[in-house]
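Here the structure comes first, spelled out in structure tokens, and everything after it is commentary.
Chain letters run A, B, ... following the sequence lines, proteins first, then strands; residues in each count from 1.
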Amino acid sequence: MSKGITSKNEDYSQWYNDIVIKADLAEHSAVKGCMVIKPYGYSIWEKMQAVLDQKFKDTGHSNAYFPLFIPKSFFSKEASHVEGFATECAVVTHYRLKNDGNGNIIVDETAKLEEELIVRPTSETIIWNTYKGWIQSYRDLPILVNQWANVVRWEMRTRLFLRTTEFLWQEGHTAHATAEEAIAETRQMLDVYADFAENWMGVPVVKGVKTPNERFAGALDTYCIEALMQDGKALQAGTSHFLGQNFAKAFDVKFTSKEGKLEHVWASSWGVSTRLMGALIMAHSDDAGLVLPPKLAPIQVVIVPIYKTDEELNNISAFVDTLIAKLKRLGISVKYDDRDTQRPGFKFAEYELKGVPVRLAIGARDMENGTVELARRDTREKQTVNQEGLEIYIPQLLEDIQQNIYKKAFDFRAEHITPANSYEEFKELLDGKAGFISAHWDGTPETEQKIKEETKATIRCVPLDNQQEDGVCIYSGKPSTQRVLFARAY
RNA sequence: CGGGGUGUAGCGUAGCCCGGUAUCGCGCCACAUUUGGGAUGUGGAGGUCGUAGGUUCGAAUCCUGCCACCCCGACCA
């Protein structure tokens with residue numbers, strides 16, 4: 001039916017790639033591991049940014065911008081941080097090129113930097129180096145700053161949106177007078193992320209905390225939201241870290257408290273990236289293409305006229321113009337596609353591929369009957385509805401689609417959280433049903449590592465709302481007090 | 001970094017084994033007929049065959065080096 005999209009059941013990875021390319025979201029660039037985000041894909045990212053940015057501001061944060069380059073020496077100041085990122089850093093060593101006399105441009109070896117610069121993989125170090133100059137007293141706290149930026153992590157293998165060498169993200173970096181306040185901030189931002197994932201993206205997530213193995217390099221605790229994709233693999237959709245005083249100590253950031261004591265500052269950092277695009281695509285789309293939740297769709301309603309003569313088109317357009325005016329007043333984004341260079345069938349397929357939630361087709365027949373043909377992308381149902389009252393019906397329908405998309409993903413996930421009570425059962429589930437597997441774990445990094453090596457499944461998180469129950473670890477047989485969520489992940 | 005694969009028109013490809021200036025489909029352009037689910041016909045444009053060198057009268061084809069990308073693994077907060 002749809003041209004050129006591999007079926008989801010046939011080859012999930014290829015299906016994903018096909019959608020990214022055919023829906024015009026992104027493409028591979030001439031630079032290894034880096035992608036070009038195309039205008040349509042970028043417009044979705046912009047919608048995400050706008051919503052998140054407002055949420056950050058509503059919770060008291062301000063945006064700022066820090067350098068792309070980080071002096072190498074900054075990195076070595078926090079031991080576990082450098083260890084975590086050392087193997088994937090791009091390093092700037094020279095600042096000038098020259099002509100070698102044979103028409104080739106080469107690096108000018110005489111222009112070697114005294115200290116190499118790291119292209120930021122994350123900005124904790126440069127930011128905490130800066131915060132040192134901003135903080136003297138408890139009166140200077142808290143600092144609640146967010147940065148929208150690009151970062152570079154030199155991964156060996158990449159996948160469009162899910163893992164690219166350069167990616168776009170936001171990183172919040174906050175400084176507080178007390179541990180309690182920093183933890184509250186960490187948890188608050190996790191809630192912001194979860195709210196965004198569920199109520200805007202329509203992707204249900206598990207809020208949880210990472211095991212020490214999976215923690216951010218330099219954090220005391222890493223909180224996360226974990227989503228489930230349609231192939232049963234998990235995707236970490238966002239993280240929020242409680243950094244304790246690690247970076248304050250590394251960069252000597254102290255403040256004088258109300259009581260007159262000199263103390264190290266407490267910190268949090270939190271981020272989501274263009275990886276959310278990958279989550280959005282994989283969570284909802286089907287073999288006909290992208291399915292977008294109305295709240296993030298750049299085009300919410302597309303209108304396609306069907307006509308034979310200019311007179312018919314003029315007649316339709318007159319009606320459409322007033323409809324568009326009404327819908328725009330309601331804040332609905334509408335596209336009227338009256339190109340006469342493409343036929344209606346082509347347009348139908350194209351907007352389905354691009355995930356536009358609602359499509360109206362209006363022909364001469366409709367104009368006589370006072371109707372339109374309305375198709376919704378999520379269920380692919382078509383119906384004929386009256387022109388009158390569309391401005392009431394469409395907003396309701398968009399809301400309905402938003403709910404339906406979420407519910408579908410929610411039900412899928414509910415069916416794919418399965419308890420396992422033995423290692424055999426665990427492995428069978430992984431290779432068969434997949435999804436999250438809820439199992440007892442003895443709490444040791446050794447067991448976690450063994451399970452990872454043997455099955456490629458990792459502990460995605462310990463859910464925050466976890467019930468305590470006595471049991472035995474599926475791997476070691478040692479006693480356990482709660483189940484944790486395992487899955488194979490992206 | 002290890003294993004495998006691929007580079008030929010905007011995209012997807014045939015030709016390569018067995019050397020003689022490149023095939024087909026989609027797309028693109030023009031015109032006509034069309035338009036309620038990816039139109040049809042006719043005509044047309046578009047190529048340093050990834051790159052550098054070698055062998056040869058002659059290289060997309062054989063040989064050597066290099067580059068790029070993709071897949072699998074290792075890796076990946």
Side-chain angles (χ1 to χ4, degrees), chain A residues 1-5 11 13-14 17-18 21-22 27-35 80-81 83-89 104 121-122 124 151-160 162-165 167 169 171 208-219 221-226 234-241 243 269-273 275 288-289 304-310 312-313 316 338-353 359-369 371-375 380 382 384 452-453 456 458-461 489-490:
Chain A
M1 179 169 291
S2 51
K3 271 188 189 167
I5 292 189
D11 183 344
S13 294
Q14 193 55 49
N17 271 331
D18 285 350
I21 302 294
K22 307 275 180 182
E27 64 187 32
H28 289 285
S29 72
V31 185
K32 185 188 175 81
C34 295
M35 64 176 172
S80 58
H81 190 67
E83 198 182 319
F85 285 104
T87 58
E88 52 186 57
C89 286
N104 300 313
T122 180
E124 273 78 6
V151 288
V152 167
R153 295 182 186 176
W154 214 266
E155 305 283 359
M156 304 266 185
R157 273 185 69 194
T158 60
R159 287 196 74 188
L160 291 167
L162 297 176
R163 178 175 296 111
T164 47
T165 301
F167 57 95
W169 78 344
E171 46 182 327
V209 64
K210 289 287 187 191
T211 61
N213 264 354
E214 301 280 327
R215 227 175 246 158
F216 175 76
D221 259 320
T222 287
Y223 294 86
C224 62
I225 52 172
E226 291 286 329
L235 182 82
Q236 177 178 298
T239 48
S240 186
H241 315 290
L243 302 174
S269 72
W270 28 274
V272 294
S273 70
R275 187 173 228 216
V304 177
I306 297 160
Y307 58 93
K308 292 186 170 62
T309 64
D310 281 352
E312 282 177 7
L313 177 62
I316 293 164
D338 60 352
R339 287 177 297 172
D340 61 359
T341 51
Q342 306 293 351
R343 291 156 51 97
F346 180 91
K347 295 177 186 175
F348 293 171
E350 184 180 7
Y351 292 110
E352 269 169 20
L353 192 53
R359 182 187 74 230
L360 304 180
I362 308 172
R365 206 163 67 204
D366 290 303
M367 292 311 291
E368 279 173 30
N369 300 337
T371 58
V372 302
E373 181 194 83
L374 186 152
R380 306 194 73 196
K382 284 199 278 199
T384 301
K452 183 179 178 181
E453 282 166 16
K456 290 182 187 168
T458 50
I459 298 176
R460 302 317 303 161
C461 69
Y490 279 98

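Residues satisfying the side-chain hydrogen bond (donor to acceptor under 3.5 Å, both in side chains) criterion with A:Thr222, sequence neighbours excluded, are A:His241. Residues forming a salt bridge (Lys or Arg N to Asp or Glu O under 4.0 Å) with A:Asp221 (at least two apart in sequence, or on another chain): A:Arg215. By the side-chain contact (heavy atoms from CB on, under 4.5 Å) test, A:Ser13 pairs with A:Asp11, A:Arg159, sequence neighbours left out. For A:Arg365, there are no salt bridge (Lys or Arg N to Asp or Glu O under 4.0 Å) partners at least two apart in sequence or on another chain. Checked against side-chain contact (heavy atoms from CB on, under 4.5 Å), A:Leu235 has the following partners two or more places apart in sequence or in another chain: A:Leu162, A:Met229, A:Arg275, A:Ala279, A:Tyr490. With sequence neighbours left out, A:Tyr223 forms a side-chain hydrogen bond (donor to acceptor under 3.5 Å, both in side chains) with no residue at all. Residues meeting the side-chain contact (heavy atoms from CB on, under 4.5 Å) test with A:Thr122, sequence neighbours left out: A:His81, A:Phe85, A:Glu124, A:Arg153, A:Trp169, A:Glu171, A:Phe216. For the side-chain contact (heavy atoms from CB on, under 4.5 Å) test, residues two or more places apart in sequence or in another chain that qualify with A:Ala237 are A:Ile225, A:Leu276.
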Got a list of protein N/O to nucleotides 68-70 of chain B N/O distances below 3.5 Å?
from	atom 1	to	atom 2	distance (Å)
B:C69	OP1	A:Lys32	N	2.7
B:C70	OP1	A:His28	ND1	3.2

Quick one: which protein N/O atoms are closer than 3.5 Å to N/O atoms of nucleotides 28-34 of chain B? Pair and distance per line, please.
from	atom 1	to	atom 2	distance (Å)
B:U34	O2	A:Arg343	NH1	3.0

Under 3.5 Å, which protein N or O atoms sit close to an N or O of nucleotides 4-8 of chain B? Give each pair with its distance.
none

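Using a 4.0 Å heavy-atom cutoff across all strands shown, A:Ala364 reaches at least one base atom of the nucleic acid. Within 4.0 Å (heavy atoms only), A:Arg359 reaches at least one base atom of the nucleic acid. Note on A:Arg365: a base of the nucleic acid sits closer than 4.0 angstrom, heavy atoms only. Residue A:Lys456 is classed as a sugar-phosphate contact, given heavy-atom separations below 4.0 Å to backbone atoms only. Looking at heavy-atom distances under 4.0 Å, A:Glu214 makes contact with a base.
For B:U21, the base is syn relative to its sugar; the glycosidic angle is within 90° of 0.
Remark: P of B:G38 and CG of A:Asp18 are 21 Å apart, rounded to the nearest angstrom. Going from atom CD of A:Glu453 over to atom C1' of B:C75 covers 14 Å, rounded to whole Å. Between A:Glu155 atom CD and B:C76 atom C1' the separation is 4 Å, expressed in whole Å. Computed from coordinates, the A:Glu27 CD to B:G10 P distance equals 14 Å when rounded to whole Å. Note: CZ (A:Arg153) to P (B:A77) measures 8 Å, nearest angstrom. Separating the CD atom of A:Glu83 from the P atom of B:C75 is a distance of 15 Å, rounded to the nearest angstrom. Rounded to an integer number of Å, the gap from A:Arg159 CZ to B:C75 P is 18 Å. Across the protein-nucleic acid pair, A:Trp154 atom CH2 and B:C1 atom P stand 12 Å apart, rounded to whole Å.
Nearest nucleotide to the side chain of A:Glu373, out of B:G37, B:G36, B:C76: B:G36. You'll find that the side chain of A:Arg380 is closest to B:G37, out of B:C76, B:U35, B:G37. Distances from the side chain of A:Ile306 to the nucleotides B:G36, B:C76, B:G38 place B:G36 closest. Residue A:Phe85 has its side chain nearest to B:A77 when only B:G37, B:C76, B:A77 are considered. Minimum atom distance to the side chain of A:Gln236 is reached by B:A77, of the listed B:C76, B:G37, B:A77.
Considering only heavy atoms from C-beta on, A:Lys347 stays 4.5 Å or farther from A:Arg359 through its side chain. A:Leu160 has its side chain within reach of A:Ile21: a pair of non-hydrogen atoms, C-beta onward, lies under 4.5 Å apart.
Comparing A:Gly363 and A:Ala489 along RNA chain B, the residue whose closest nucleotide (by nearest heavy atom) sits nearer the 5' end is A:Gly363.
Counting distance only, with no hydrogens placed and no angle test, the side-chain atoms of A:Glu352 and the base atoms of B:G37 include a donor-acceptor pair under 3.5 Å.
Not one side-chain nitrogen or oxygen of A:Lys347 sits closer than 4.0 Å to the OP1 or OP2 atom of B:U35.
Nucleotides B:G10 and B:G46 have their P atoms positioned 12 Å apart, rounded to a whole Å. The P atoms of B:A32 and B:U23 are separated by 31 Å, rounded to the nearest whole Å. As rounded to the nearest Å, B:G54 and B:A59 have C1' atoms that lie 11 Å from one another. Here, B:A74 and B:G12 have their P atoms 29 Å apart, quoted to the whole Å. The gap from the P atom of B:C26 to that of B:G41 amounts to 9 Å, rounded to the nearest Å. Rounded to the nearest Å, the gap between the P atom of B:C62 and that of B:A14 is 15 Å. To the nearest whole angstrom, the two C1' atoms, one in B:C63 and one in B:U56, are 12 Å apart. Rounded to the nearest Å, the gap between the P atom of B:C16 and that of B:G7 is 13 Å.
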Just do the side chain to side chain contact (heavy atoms under 4.5 Å, CB included) check on A:Asn213 and A:Thr458 with the steps written out, would you?
CA-CA 10 Å; A:Asn213 264 354; A:Thr458 50; over 6 Å; no
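Panel note: side chain A:Glu312, backbone A:Lys308; a donor-acceptor pair is recorded below 3.5 Å.
From A:Gln236, atom CD reaches atom NZ of A:Lys210 across 4.0 Å, with rounding to the nearest 0.5 Å. Between the CG atom of A:Asp18 and the CG atom of A:Leu353 there is a distance of 9.5 Å, given to the nearest 0.5 Å. If you take OH on A:Tyr307 and CG on A:Asp340, they are separated by 4.5 Å, rounding to the nearest 0.5 Å. Atom CE of residue A:Met35 and atom CD of residue A:Glu27 lie 11.5 Å apart, to the nearest 0.5 angstrom.
In this structure, A:Gln342 places its CD atom where more than 12 heavy-atom neighbours from other residues, nucleotides or ligands lie under 6.0 Å away.
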How does RNA chain B read in dot-bracket, base by base from 5' to 3', with Watson-Crick or G-U pairs under 3.5 Å and | used when the partner is on another strand?
(((((((..(((.......[...))).((((((.....)))))).....(((((..]....))))))))))))....
